[in-house]
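Report on the following structure.
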Amino acid sequence: MKNSVFLGAFAATTLVAGLAQAQTTLETVQSRGELNCGVSTGLAGFSAPDGNGVWQGFDVAFCRAVAAAVLDDPMAVNFVPTTGQTRFSALASGEVDILARNTTWTFSRDVDLNFTFLGTNYYDGQGFMVTRDLGVSSALELDGATVCIQTGTTTELNLADYFRVNGMAYEPVPIETNAEAQQQYLAGACDVYTTDVSGLAATRASFASPSDHVILPEVISKEPLGPAVRHGDDQWADIGRWTLFALIAAEELGVTSANIDEMKAGTDNPEINRLLGSEGDLGAMFGLDSEWAVRAIAAAGNYGEIFSATIGEQTPIGLARGLNAQWTQGGLLYAPPFR
């Protein structure tokens with residue numbers, strides 16, 4: 001009798017688990033009516049709430065593009081702040097549907113942590129920032145320095161490798177968030193702050209006197225940053241991946257937030273027509289309608305518009321396109337064909 005009760009309970013549990021698994025991430029998001037998007041705890045230009053509490057930034061714009069594609073509402077996003085330590089558990093547990101938080105695509109994160117990276121939305125590398133009055137012009141002069149570094153990041157491992165290879169010593173000052181790093185660095189608790197160069201530029205832009213701080217010339221790693229989802233739901237991964245590619249392709253093809261209403265009616269370029277849904281029906285292939293990409297691009301513009309508005313040279317962050325220029329302009333940005 002005990003075995004029968006146990007088996008009955010097990011069967012019921014298995015049935016419930018099976019039903020839960022049967023619902024795709026797309027179905028879950030659409031039934032909830034909101035996208036849960038994991039972002040940083042606050043990094044100017046990339047993801048941070050403005051004075052009205054509305055999240056803004058480069059990574060935020062991607063979340064809004066996905067929400068526009070799947071929910072027809074770029075504002076239907078619940079932004080979940082995560083640290084370098086908590087971001088992966090938030091994604092793995094299902095607390096967030098997608099992680100869009102300046103996260104480096106690595107072998108172990110892809111294979112061992114079972115995450116699917118959707119592509120690279122920002123090509124970066126690790127650098128070092130010091131106060132100008134420290135009198136240092138190269139990272140090779142940092143022997144014996146105290147270094148503020150976020151725990152649970154590739155930055156932590158790269159730092160150890162770089163100093164070991166160059167026969168230098170350092171004293172780590174572990175921190176959890178960018179805000180804590182900024183506080184410790186400005187208080188003089190560390191000589192150096194190290195993270196991705198984009199993060200250093202964003203942090204420096206928030207200082208009262210940015211010109212008092214220098215980002216050293218050395219870039220010591222490759223940091224392909226990009227959004228990620230859990231393994232096991234290829235449809236959801238495809239939606240996220242091709243939303244990113246839609247933003248990139250739109251820039252290359254000259255589709256902007258200003259002309260998209262005109263272009264979606266049809267153009268002489270077959271790829272633009274396929275992208276915007278006036279020819280074929282690519283959206284049906286992953287469970288969306290034909291204008292999913294129109295909504296994604298209209299949410300905050302194409303990749304170039306998003307870059308320019310959030311982190312570009314005319315913003316306080318002041319980042320040049322560099323490797324993040326289109327492949328036709330000497331950069332690495334390249335979207336596969338929409339066909």
Pairwise distance [atom1]([X]) to [atom2]([Y]) - rounded to 0.5 angstrom:
X: Ile297; Y: Ile306; atom1: CD1; atom2: CD1; result: 9.5 Å
X: Thr155; Y: Tyr162; atom1: OG1; atom2: OH; result: 15.0 Å
X: Asp238; Y: Leu26; atom1: CG; atom2: CG; result: 11.5 Å
X: Asn78; Y: Glu95; atom1: CG; atom2: CD; result: 9.0 Å
X: Ser290; Y: Leu275; atom1: OG; atom2: CG; result: 11.5 Å
X: Cys148; Y: Gln183; atom1: SG; atom2: CD; result: 10.0 Å

Give a yes or no answer on whether the side chain of [X] reaches the backbone of [Y] with a donor-acceptor pair at less than 3.5 Å.
X: Arg274; Y: Phe338; value: yes
X: Asn302; Y: Glu305; value: yes
X: Asn324; Y: Gly331; value: no
X: Gln326; Y: Ile248; value: yes
X: Gln30; Y: Glu27; value: no
X: Thr82; Y: Val39; value: yes
X: Asp289; Y: Trp292; value: yes
X: Asp112; Y: Arg109; value: no
X: Arg295; Y: Ala68; value: yes
X: Ser209; Y: Ser211; value: no

Discussion item. Using the rule given for side-chain hydrogen bond (donor to acceptor under 3.5 Å, both in side chains), can you reason through Ser138 versus Glu218, listing the C-alpha separation, both sets of side-chain angles and the distance that settles it, and then say yes or no?
Written reply: CA-CA 7 Å; Ser138 168; Glu218 288 82 4; 2.6 Å; yes

Cluster link [X] to [Y], ILVMFWY, side chain under 4.5 Å:
X: Ile175; Y: Leu157; answer: no
X: Phe245; Y: Tyr122; answer: yes
X: Tyr123; Y: Ile220; answer: no
X: Leu288; Y: Ile98; answer: yes
X: Val192; Y: Val136; answer: yes

Fill in: Arg321/Glu251 salt bridge by N-O under 4.0 Å criterion
yes

Practice prompt. Please check if atom CZ in Phe207 has more than 12 non-hydrogen atoms from other residues, nucleotides or ligands closer than 6.0 Å.
Written response: yes

Discussion item. Please check if the number of heavy atoms outside Arg132 that lie under 6.0 Å from its CZ is greater than 12.
Written reply: yes

Do you know the tightest heavy-atom contact between [X] and [Y]?
X: Asn259; Y: Thr256; answer: OD1-N, 2.8 Å
X: Asp268; Y: Pro270; answer: O-CD, 3.4 Å
X: Leu43; Y: Ala202; answer: CD1-CB, 3.8 Å
X: Pro217; Y: Ser137; answer: CD-O, 3.3 Å

Please examine the side chains of [Y] and [X], heavy atoms only from C-beta on, and report whether any two atoms are closer than 4.5 Å.
X: Ser40; Y: Phe79; value: no
X: Asp233; Y: Thr24; value: yes
X: Asp97; Y: Arg32; value: yes
X: Leu216; Y: Val130; value: yes
X: Leu244; Y: Phe62; value: yes
X: Thr103; Y: Leu225; value: no
X: Ile311; Y: Phe46; value: yes
X: Tyr185; Y: Met129; value: yes

Would you say the ring centroid of [X] lies under 6.0 angstrom from that of [Y]?
X: Phe286; Y: Trp236; result: no
X: Phe58; Y: Tyr303; result: yes
X: His213; Y: Tyr193; result: no
X: Phe115; Y: Phe88; result: yes

Could you tell me if [Y] and [X] have a donor-acceptor pair between their side chains, going purely by distance under 3.5 Å?
X: Asp59; Y: Ser47; answer: no
X: Glu252; Y: Thr328; answer: no
X: Thr203; Y: Asn178; answer: yes
X: Thr41; Y: Thr83; answer: no
X: Asp124; Y: Ser198; answer: yes
X: Glu156; Y: Thr151; answer: no

Discussion item. The test is side chain to side chain contact (heavy atoms under 4.5 Å, CB included); show your working for Leu142 and Phe128 and say whether it passes.
Written reply: CA-CA 10 Å; Leu142 296 177; Phe128 301 92; 4.0 Å; yes

Fill in: Among Asp191, Leu159, Asp143, side chain to side chain contact (heavy atoms under 4.5 Å, CB included) partner for Tyr170
Leu159

Discussion item. For a salt bridge (charged side-chain N to carboxylate O under 4.0 Å, His left out) check, start with the C-alpha distance between Glu176 and Arg87, then their side-chain angles and the critical distance, and finish with the verdict.
Written reply: CA-CA 12 Å; Glu176 285 287 328; Arg87 55 186 164 171; over 6 Å; no

Worksheet entry | Residues Val255, Ile272; criterion side chain to side chain contact (heavy atoms under 4.5 Å, CB included); working and verdict | CA-CA 8 Å; Val255 179; Ile272 293 176; 4.1 Å; yes

Item to complete: Can you spot which of Asp196, Thr194, Thr195 makes a side-chain hydrogen bond (donor to acceptor under 3.5 Å, both in side chains) with Gln126?
Response: Thr194

Discussion item. Go through it in stages, so that I can follow the logic: the residues are Ser206 and Gln182, the test is side chain to side chain contact (heavy atoms under 4.5 Å, CB included), and I'd like the CA-CA distance, side-chain angles, deciding distance and then a yes or no.
Written reply: CA-CA 9 Å; Ser206 68; Gln182 178 176 325; 3.1 Å; yes

Fill in: Evaluation steps, side-chain hydrogen bond (donor to acceptor under 3.5 Å, both in side chains), between Asn158 and Glu223
CA-CA 10 Å; Asn158 295 336; Glu223 305 293 331; 2.6 Å; yes

Item to complete: Show your working on side chain to side chain contact (heavy atoms under 4.5 Å, CB included) between Leu99 and Val229 and close with a plain yes or no.
Response: CA-CA 6 Å; Leu99 183 66; Val229 296; over 6 Å; no

